Amino acid sequence: MVLVFVISIAFFFLILRFCVTLFNFISNPKLNHFPRNFDDKVSIIVYEPLLVSEIEWFRSVIGQDYQNFEVLSYTSDPLLLAKQADPRVKVFGKQDFGNKSLNKLQAFHHLSKIAIGDYLLFIDGGLAIQTGLINNCIGRMKVHNLSVLSIFSDRQIRFNSQYSIWTLGHYLLLNLYPLRLIKMLPTPLLAVANRDFLFCEASFYYSLQPFSKQSGLDEIRFIRSVKTYGGKMESLLANGQLIRPVPTHFRQIGPTAKKLNELFGNSYLAMFICAFWLCLAPILILIFFNPILFIFYASLVLLNRLMVSLMSNQNPGKSLLYHPLSISMFGIIAFTGLSKSIRKK
């Protein structure tokens, strides 16, 4: 009786996730091309873009079609970026802020006060902007009267083994959150966003101010406060317009684990519970083999992965091939994170 109950819970969780993914697949939550050209001023605020030679960050910004922008960059090594000579690029260091080194939140806060754009784009220095992204963001903001637009970047995967970890972000996001409902529903509980790309209406951002001068912009609190204070936000997939290269070393998994935890409200316990049920279902199927249950489970997993791969521009075959390893790695990440959080307490 207990076994039947556990299997029922596992399959209920699987079916629920499949329904959410199916909703996302049908609603197609991608940033689409906007035919009209805009000329609104955009202030691009970036922190420590030190991988310029590797991902050509400045070239992806300066060389694109949208030209009415300014770049406000904070770096601990201004000489490194001095070579990127362009009148629209302004590089700041600690010497510009009383010789005080700033963290990301503080830098965003200070640079936002200097910005003069109609829109503020807070972006991570590891993201490569593709042609048309900024114009399409402005069009989306204007047509849907948005206060904040967040874009989840595509992953630039070079090696097959990277499918075991770096595809987890999109898989969990599209399994857990119906992205089209974020704009429609007023509850802050659905205010999920990629804090590495926040496209904000400047007037709304300055009026909200959910931060202190000491701590700077708290992105998570800012995202949750948008709907609380009457703003409209939307989170979409990049549709090839925003790309993040995948780290080449698995020891760089720390930031990815942190981002996965943000999908669960920064609760390692919630992430562990999700990982537990994801890992438990196939184990039960293998131990208590039932052909009907096996076919049912395998079909849902296959279709789920296929839809996620197509939405996030991943290779469907490789995603399916590495799915068991990917779920196993998610279980290890969740267990490790929960253990560390318990030890800290």
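Quick caveat, the model's predicted, so the values are computed rather than measured.
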Inset, instruction - Return yes if some donor-acceptor pair links the side-chain N/O of Arg180 with the main-chain N/O of Asn28 below 3.5 Å, else return no. - result: yes
Inset, instruction - Could you check if a side-chain atom of Ile151 sits within less than 4.5 angstrom of a side-chain atom of Phe199, using non-hydrogen atoms only? - result: no
Legend entry - Contact check, side chains of Phe34 and Arg140, non-hydrogen atoms, under 4.5 Å: no
Inset, instruction - Spell out, yes or no, whether Leu16 and Leu278 are grouped together once hydrophobic residues are joined by side-chain heavy atoms under 4.5 Å, including indirect joins. - result: no
Legend entry - Partners passing salt bridge (Lys or Arg N to Asp or Glu O under 4.0 Å) against Lys318 (at least two apart in sequence or in another chain): none
Legend entry - Trace of the side chain to side chain contact (heavy atoms under 4.5 Å, CB included) decision for Ile114 with Lys90: CA-CA 10 Å; Ile114 303 172; Lys90 302 175 184 177; 5.7 Å; no
Inset, instruction - For residues Leu306 and Pro316, report the shortest heavy-atom separation together with the two atoms involved. - result: CD1-CB, 3.7 Å
Legend entry - Centroid-centroid distance, Tyr74 to Phe92, less than 6.0 Å: no
Inset, instruction - Determine yes or no for a side-chain-to-main-chain donor-acceptor pair under 3.5 angstrom, with Asn136 supplying the side chain and Gly132 the backbone. - result: yes
Legend entry - Straight-line distance of Cys200 SG to Leu121 CG, nearest 0.5 Å: 8.5 Å
Legend entry - Close side-chain approach of Phe13 and Cys274, heavy atoms under 4.5 Å: yes
Inset, instruction - Return yes if some donor-acceptor pair links the side-chain N/O of Ser150 with the main-chain N/O of Asn194 below 3.5 Å, else return no. - result: yes
Legend entry - Test item: Asp154 side-chain N/O and Gln314 main-chain N/O as donor-acceptor pair under 3.5 Å: no
Inset, instruction - Using a cut-off of 6.0 Å, state whether more than 12 heavy atoms not belonging to Lys41 lie near its atom NZ. - result: yes
Inset, instruction - Test side chain to side chain contact (heavy atoms under 4.5 Å, CB included) on Phe69 and Arg88 and set out the steps. - result: CA-CA 7 Å; Phe69 65 86; Arg88 295 168 295 182; 3.5 Å; yes
Inset, instruction - Heavy atoms only: give me the nearest Ser147-Met141 pair and the separation to one decimal. - result: O-CE, 3.5 Å
Legend entry - Beyond-backbone contact of Arg244 with Asp124, side-chain heavy atoms, under 4.5 angstrom: yes
Inset, instruction - Report yes if some heavy atom in the side chain of Phe264 is under 4.5 Å from a heavy atom in the side chain of Leu172; otherwise report no. - result: yes
Legend entry - Phe335 atom CZ, over 12 foreign heavy atoms within 6.0 Å: no
Inset, instruction - Check for a donor-acceptor pair, side chain of Asn135 on one end and backbone N or O of Phe38 on the other, with a separation under 3.5 Å. - result: yes
Legend entry - Sub-4.5 Å side-chain heavy-atom contact between Leu133 and Leu31: yes
Legend entry - Exercise: identify the closest heavy-atom pair between Ala193 and Phe152: C-CZ, 3.5 Å
Legend entry - Any residue meeting side-chain contact (heavy atoms from CB on, under 4.5 Å) with Ile332, in chain and number order, not counting sequence neighbours: Met329, Thr336
Inset, instruction - Taking Tyr163 for its side chain and Ile157 for its backbone only, find out whether a donor-acceptor pair lies under 3.5 Å. - result: no
Inset, instruction - Tell me whether Phe12 is reachable from Phe18 by hopping between hydrophobic residues (I, L, V, M, F, W, Y) whose side-chain heavy atoms are closer than 4.5 Å. - result: no
Legend entry - Sub-4.5 Å side-chain heavy-atom contact between Phe197 and Ser153: no
Inset, instruction - Rounded to the nearest 0.5 Å, what's the gap from OH on Tyr119 to CG on Leu149? Could you check? - result: 10.5 Å
Inset, instruction - Report whether Ile292 and Phe294 are members of the same hydrophobic cluster (ILVMFWY, side-chain heavy atoms less than 4.5 Å apart, transitive linking). - result: no
Inset, instruction - Assess the pair Tyr171 and Phe330: is the distance between their ring centroids shorter than 6.0 Å? - result: no
Inset, instruction - Using the test salt bridge (Lys or Arg N to Asp or Glu O under 4.0 Å), find all partners of Asp39 that sit at least two apart in sequence or belong to another chain. - result: none
Inset, instruction - Check for a donor-acceptor pair, side chain of Ser309 on one end and backbone N or O of Arg305 on the other, with a separation under 3.5 Å. - result: yes
Inset, instruction - For side chain to side chain contact (heavy atoms under 4.5 Å, CB included), just list the numbers for Ile9 and Leu280, CA-CA rounded to whole Å, side-chain angles, deciding distance to a tenth of an Å, and then say yes or no. - result: CA-CA 10 Å; Ile9 295 296; Leu280 180 64; over 6 Å; no
Legend entry - Any donor-acceptor N/O pair, Asn24 side chain to Pro29 backbone, under 3.5 Å: no
Legend entry - Sub-6.0 Å ring centroid separation between Phe122 and Tyr205: yes
Inset, instruction - Measure across Asn315 and Gly317 and return the closest heavy-atom pair with its distance rounded to 0.1 Å. - result: OD1-N, 3.0 Å
Legend entry - Distance (rounded to the nearest 0.5 Å) between Ile273 CD1 and Leu338 CG: 9.0 Å
Inset, instruction - Would you name the heavy atoms of Gly117 and Ala202 that are closest together and state the gap between them? - result: O-CB, 3.4 Å
Inset, instruction - Give a yes or no on whether the backbone of Ser112 and the side-chain of Tyr206 come within a donor-acceptor separation of less than 3.5 Å. - result: yes
Legend entry - Connected via hydrophobic side-chain network under 4.5 Å: Tyr322 and Met307: yes
Inset, instruction - Using atom types as modelled and distance alone, determine if a side-chain donor or acceptor of Asp65 lies under 3.5 Å from a backbone N or O of Thr131. - result: no
Legend entry - Spatial distance of atom OG (Ser312) from atom CG (Asn239) [nearest 0.5 Å]: 11.0 Å
Inset, instruction - For a side-chain contact (heavy atoms from CB on, under 4.5 Å) with Met233, tell me which candidate from Val148, Leu146, Val192 qualifies. - result: Val148
Inset, instruction - Kindly determine whether Leu237 and Asn313 satisfy side chain to side chain contact (heavy atoms under 4.5 Å, CB included), including the steps that lead there. - result: CA-CA 10 Å; Leu237 302 178; Asn313 294 329; over 6 Å; no
Legend entry - Check: Phe296 and Ile15 side chains under 4.5 Å, non-hydrogen atoms: yes
Legend entry - Verdict with supporting geometry, Ser43 and Glu70, side-chain hydrogen bond (donor to acceptor under 3.5 Å, both in side chains): CA-CA 5 Å; Ser43 296; Glu70 62 171 354; 2.6 Å; yes
Legend entry - Single-linkage hydrophobic cluster Leu302~Val20, side-chain heavy atoms < 4.5 angstrom: no
Legend entry - Approximate separation, where rounding is to 0.5 Å, of Leu260 CG and Leu173 CG: 10.5 Å
Legend entry - Approximate separation, where rounding is to 0.5 Å, of Ser164 OG and Ile327 CD1: 11.0 Å
